[in-house]
Amino acid sequence: DAPLSAEEYSGNLFIDYIEGSEALMSSPMIGSIAHCVVLLRLPEGSDVSGVAEQIKVNANPRKWICVEAEAVEVRTSGNIVMLVMSSQTAVDKVVSNFELLSL
């Protein structure tokens with residue numbers, strides 16, 4: 001797990017940095033499996049659904065060049081946006097856990 005710098009937003013969230021936001025990414029350092037989960041905390045008053053839609057439209061499941069994520073999902077809870085790209089099974093589990101935490 002690693003926080004994203006402003007410069008890393010475009011390559012991992014597929015959007016420009018948003019002032020006052022924070023992002024954390026979990027992804028293998030090396031491997032042949034396409035897997036990435038990014039949590040983005042937006043400042044209060046942000047257009048959360050608009051940002052989530054931007055991420056969804058721009059997400060590139062082939063960002064790893066040699067491998068491609070089977071599934072891509074973007075979800076929101078409050079001022080948090082989650083992007084997950086991985087196998088369908090992994091995406092389903094991550095989304096399910098995120099939704100449980102959002103209750």
Side-chain angles (χ1 to χ4, degrees):
D1 299 337
L4 293 181
S5 68
E7 295 78 26
E8 294 173 307
Y9 274 53
S10 63
N12 296 289
L13 280 165
F14 310 98
I15 59 170
D16 291 332
Y17 173 74
I18 298 168
E19 189 67 39
S21 67
E22 299 174 291
L24 178 69
M25 181 175 74
S26 180
S27 184
M29 294 295 285
I30 298 174
S32 60
I33 297 172
H35 178 80
C36 181
V37 179
V38 184
L39 294 173
L40 171 65
R41 178 182 295 139
L42 295 167
E44 292 299 324
S46 295
D47 178 10
V48 176
S49 60
V51 170
E53 184 61 26
Q54 274 188 295
I55 293 170
K56 184 176 183 176
V57 167
N58 295 323
N60 181 2
R62 290 195 51 90
K63 78 174 199 160
W64 298 273
I65 300 170
C66 297
V67 294
E68 180 175 357
E70 181 180 24
V72 177
E73 289 288 338
V74 177
R75 299 297 166 105
T76 64
S77 177
N79 67 332
I80 305 291
V81 179
M82 179 189 70
L83 165 65
V84 59
M85 299 191 297
S86 192
S87 68
Q88 187 65 61
T89 301
V91 167
D92 291 345
K93 288 181 181 183
V94 171
V95 166
S96 177
N97 287 335
F98 182 75
E99 290 174 346
L100 285 173
L101 291 172
S102 301
L103 295 176

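This chain uses plain numbering: 1 for the first residue, then up along the sequence. Just so it is clear, the structure is predicted and the values come from calculations on it, not from any experiment.
- One finds the CD1 atom of Ile55 at 11.0 Å from the CE atom of Met82 (value rounded to the nearest 0.5 Å).
- Atom-to-atom distance recorded for Thr76:OG1 and Glu53:CD is 11.0 Å, nearest 0.5 angstrom.
- With contacts defined as side-chain heavy-atom distances shorter than 4.5 Å, the pair Phe98/Val84 does not qualify.
- Listed here is the closest heavy atom pair of Ala59 and Val72: CB-CG1, 3.9 Å.
- For the pairing with Ile15, the side-chain contact (heavy atoms from CB on, under 4.5 Å) check across Val51, Val57, Val81 returns one residue only, Val51.
- Counting heavy atoms from C-beta outward, Trp64 and Val67 have side chains that approach closer than 4.5 Å.
- Residues meeting the side chain to side chain donor-acceptor pair (under 3.5 Å) test with Glu73, sequence neighbours left out: Arg75.
- Of the possible donor and acceptor atoms, none in the side chain of Ser77 sits under 3.5 Å from a partner among the backbone N and O of Ile80.
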What side-chain donor-acceptor pairs closer than 3.5 Å can you find for residues 29-46, not counting sequence neighbours?
| residue | atom | partner | partner atom | Å |
| --- | --- | --- | --- | --- |
| His35 | ND1 | Ser86 | OG | 2.7 |
| Arg41 | NH1 | Glu22 | OE1 | 3.0 |
| Ser46 | OG | Pro43 | O | 2.7 |

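- Contact check for Lys56 versus Leu83: no side-chain heavy atoms found under the 4.5 Å cut-off.
- Here the straight-line distance linking atom CG of Asp47 with atom CD1 of Ile18 works out to 9.0 Å at 0.5 Å rounding.
- One distance of note links CG of Asn12 with OG of Ser27; it measures 7.5 Å at 0.5 Å rounding.
- Checked by atom type and distance alone, the side chain of Glu70 pairs as donor or acceptor with a backbone atom of Gln88 at under 3.5 Å.
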**Message:** Working note: Glu99 + Ser96, criterion side-chain hydrogen bond (donor to acceptor under 3.5 Å, both in side chains); need CA distance, chi angles, decisive distance, verdict.
**Reply:** CA-CA 5 Å; Glu99 290 174 346; Ser96 177; 5.8 Å; no
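- Under the 4.5 Å side-chain criterion, counting only non-hydrogen atoms from C-beta, Leu4 is in contact with Tyr9.
- Here the side chains of Glu8 and Leu13 are not in contact, with every heavy-atom distance at 4.5 Å or above.
- Under the ring pair (Phe, Tyr, Trp, His ring centres under 6.0 Å) criterion, Phe14 pairs with no residue, sequence neighbours left out.
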